[in-house]
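Encoded as structure tokens, the structure appears first; notes follow it.
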Amino acid sequence: MEKGESLATDRIFTEGAKVLLPLFRKSLVISGLALAAITAPVSAQNMFSEGYSFLEAVKDRDAEKVTTAVDTPGSTLINTRDIASGRTALHIVAERRDATWIRFLTQKGANPNVVDKKGISPLMISSNLGHLDGVEAFLDAGARVDDTNSLGETPLISATHRRDFEMIRLLLANGANPDRSDNSGRTARDYAEIIGSRRLMDEFTAADEARKGKETKSYGPSF
């Protein structure tokens with residue numbers, strides 16, 4: 001081979017290497033990612049699968065399956081959240097007005113104050129549905145009575161809009177604040193005045209008097 005031909009051949013190999021080497025490296029990266037996906041820890045996949053199965057069992061009212069899942073040592077499934085909506089088992093049972101399951105799940109350790117991706121708590125769902133038994137069950141389990149939704153509305157404000165007197169009475173009796181404002185700056189008491197309902201205002205007045213009575217009550221010894 002002549003010297004000129006040798007140089008030309010070397011040049012071809014060099015240029016070819018410049019083109020092929022990046023492609024080869026890219027291929028190695030893709031292969032590595034694929035291998036990592038195949039060999040990824042099974043625990044994460046199992047966690048997703050178990051969480052989905054748990055929420056489905058709650059929807060199906062499968063108490064035996066739910067009990068087995070949450071009673072497994074180290075299990076955190078009781079508060080698992082739907083990956084898309086952020087809803088928990090308590091959101092599901094609140095929506096179907098199921099006080100029995102609310103108590104069952106909270107006794108198993110379900111947190112009544114976990115909100116979904118829209119900022120809605122299970123108690124808010126029960127309150128908006130006018131489900132007194134559900135709200136009572138959540139309050140007994142330690143649910144916060146004045147949590148707000150994306151509009152800043154408390155359950156009491158929503159109940160006032162609906163003129164749901166029984167719900168208003170229940171919430172006020174459990175410490176709901178009639179003077180907590182929403183995003184517009186208005187409170188439940190403000191909305192009662194805007195609506196012009198004497199009955200609504202009487203509910204707030206009665207709650208105010210009841211609270212004053214508790215504040216002034218003496219717990220010291222009597223002589």
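The chain is numbered in sequence order, starting from 1. Every value quoted in this text rests on a predicted model; they were computed, and no experiment measured them.
Looking at residues two or more places apart in sequence or on another chain, you find a side-chain contact (heavy atoms from CB on, under 4.5 Å) between Thr100 and Asp98.
A cation-pi arrangement is present between Arg96 and Trp101 under the rule of less than 6.0 angstrom and at most 45 degrees off the ring axis.
With respect to Pro178, the side-chain contact (heavy atoms from CB on, under 4.5 Å) criterion is satisfied by exactly one of Leu156, Thr187, Thr154, Leu200: Leu156.
When atom types are taken as modelled, the side chain of Asn183 and the backbone of Leu151 share a donor-acceptor pair closer than 3.5 angstrom. The backbone N or O of Met124 lies less than 3.5 Å from no partner atom in the side chain of Asp147, so there is not a single donor-acceptor pair. For Thr72 (side chain) and Thr68 (main-chain N/O), a donor-acceptor pair under 3.5 Å exists by modelled atom type. Side-chain atoms of Arg180 come within 3.5 Å of backbone atoms of Asp146 as a donor-acceptor pair (strictly under, hydrogens ignored).
Under the 4.0 Å criterion applied to side-chain N and carboxylate O atoms, Arg199 and Asp202 are not assigned as salt-bridge partners.
Residue-environment remark: CZ (Arg186) stays at or below the threshold of 12 foreign heavy atoms within 6.0 Å. By the neighbour-count criterion of 12 heavy atoms within 6.0 Å, atom CD of Glu166 is sparsely surrounded, having that number or fewer from other residues, nucleotides or ligands. Heavy-atom neighbours of Lys117 NZ from other residues, nucleotides or ligands within 6.0 Å: above the threshold of 12.
At a cut-off of 3.5 Å, with distance as the only test, a side-chain donor of Asp182 or Tyr191 sits close to an acceptor on the other residue.
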